[in-house]
Amino acid sequence: MTIKVGDRAPSGSFKHMTGEGMEEISTGDLFGGKKVVLFSLPGAFTPTCSAKHLPGYVQHAADIKGKGVDTIACMSVNDAFVMDAWGKDQGVGDSVVMLADGNGDYAKALGLDFDASGFGMGTRAQRFAMIVDDGTVTALNVEEPGAFEVSSAEAMLAKL
């Protein structure tokens, strides 16, 4: 079943790189007592993701955080090393937390996974963005296949 507005975010965890190396972050730590914009994309270093999706959140990070958002997080079905390298390549700094959903477990828990085997990419997360306030989804924008409109930084900024 696909998550919807009003639902509690499912429990899960991600890997991410810090100055001390790879660490795990639970959804409880990520969402608990915080307002978070979580956006997801099919893959690091892919065309739309690298040219538009992630750069938009980096560009608008201060505006988004100025609306009371504690954390902006980017999730993809890639490993933590790839997400870290992509974040460095994109100049993310500390504006966006780069979360690895390496096996697609969280995408599946959300009901927002898809089969990209035809592209040689296995199971991936759909392109979406959501606002999670203290563990509850208050906004959810899921893109149609191949589209990039409703999950952009600008679209989420308008929801805040």
Side-chain angles (χ1 to χ4, degrees), residues 1-18 21-44 46 48-49 53-54 56-58 60-61 64-65 67-84 86-87 92 94-119 121-153 155-160:
M1 187 166 91
T2 303
I3 195 156
K4 60 188 180 312
V5 171
D7 288 350
R8 297 281 303 163
S11 295
S13 63
F14 306 96
K15 301 283 189 196
H16 72 114
M17 298 301 285
T18 70
M22 188 184 313
E23 293 185 3
E24 186 169 283
I25 183 169
S26 71
T27 52
D29 289 337
L30 180 66
F31 299 134
K34 300 174 192 155
K35 183 180 278 191
V36 177
V37 172
L38 174 68
F39 68 101
S40 176
L41 33 82
T46 56
T48 301
C49 304
H53 208 171
L54 179 57
Y57 280 94
V58 172
H60 294 290
I64 291 168
K65 289 182 178 179
K67 297 278 189 174
V69 170
D70 298 293
T71 304
I72 302 168
C74 174
M75 179 189 97
S76 185
V77 180
N78 291 107
D79 64 60
F81 299 104
V82 169
M83 292 299 286
D84 184 55
W86 189 41
V92 167
D94 61 2
S95 62
V96 176
V97 177
M98 304 298 285
L99 300 176
D101 183 24
N103 296 321
D105 295 334
Y106 204 70
K108 290 173 192 165
L110 293 169
L112 293 171
D113 58 312
F114 76 100
D115 183 1
S117 297
F119 302 104
M121 297 171 68
T123 299
R124 292 290 168 149
Q126 292 180 46
R127 188 180 305 280
F128 69 85
M130 64 180 175
I131 300 169
V132 182
D133 196 345
D134 193 23
T136 300
V137 177
T138 59
L140 175 63
N141 290 356
V142 181
E143 298 285 0
E144 293 296 321
F148 174 65
E149 296 170 14
V150 300
S151 65
S152 70
M156 295 313 288
L157 190 55
K159 294 223 173 225
L160 292 167

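Sequential numbering from 1 along the given sequence is applied to the chain's residues. Note that the structure is a prediction, hence the values are computed from the model and not measured. Computed over heavy atoms, backbone and side chain alike; hydrogens, waters and symmetry mates excluded.
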Worksheet item: Taking the inter-plane angle between the rings of Phe31 and Tyr106 on a 0 to 90° scale, is it parallel (under 30°), tilted (30 to 60°) or perpendicular (over 60°)?
Response: tilted
Do you know the tightest heavy-atom contact between [X] and [Y]?
X	Y	answer
Asp101	Ala107	OD2-N, 2.9 Å
Met98	Trp86	CE-CE3, 3.5 Å
Ala139	Met156	CB-CE, 4.4 Å
Leu140	Met130	CD1-CB, 3.8 Å
Pro10	Ile3	CD-CD1, 3.6 Å
Ala129	Tyr57	CB-OH, 3.5 Å

Taking [Y]'s backbone N and O only, do any of them form a donor-acceptor pair with [X]'s side chain (distance below 3.5 Å, no angle check)?
X	Y	result
Asp113	Gly104	no
Asp105	Ala109	no
Asp70	Val36	no
Ser95	Val58	no
Glu149	Glu143	no
Thr27	Gly12	yes
Asp79	Phe81	yes

Fill in: Leu112/Thr2 under side-chain contact (heavy atoms from CB on, under 4.5 Å): CA gap, chis, key distance, verdict
CA-CA 6 Å; Leu112 293 171; Thr2 303; 3.6 Å; yes
Distance (rounded to the nearest 0.5 Å) between [X] [atom1] and [Y] [atom2]:
X	Y	atom1	atom2	answer
Lys65	Leu160	NZ	CG	12.5 Å
Asn78	Leu99	CG	CG	12.0 Å
Leu41	Gln126	CG	CD	12.5 Å
Ile131	Ile72	CD1	CD1	11.0 Å
Ile25	Thr71	CD1	OG1	7.5 Å
Asp84	Met22	CG	CE	9.5 Å

Worksheet entry | Asp133: salt bridge (Lys or Arg N to Asp or Glu O under 4.0 Å) partners, not counting sequence neighbours | none
Worksheet entry | Contacts of Asp7 that satisfy salt bridge (Lys or Arg N to Asp or Glu O under 4.0 Å) - sequence neighbours left out | Lys4
Worksheet item: What residues, two or more places apart in sequence or in another chain, satisfy side-chain hydrogen bond (donor to acceptor under 3.5 Å, both in side chains) together with His60?
Response: Glu154
Worksheet item: Is Cys49 close to Arg127 at the side-chain level, that is, under 4.5 Å between some pair of heavy atoms?
Response: yes
Fill in: Verdict with supporting geometry, Phe14 and Met75, side-chain contact (heavy atoms from CB on, under 4.5 Å)
CA-CA 9 Å; Phe14 306 96; Met75 179 189 97; 3.5 Å; yes
Item to complete: Could you walk me through whether Val37 and Lys159 pass the side-chain contact (heavy atoms from CB on, under 4.5 Å) test, one step at a time?
Response: CA-CA 11 Å; Val37 172; Lys159 294 223 173 225; over 6 Å; no
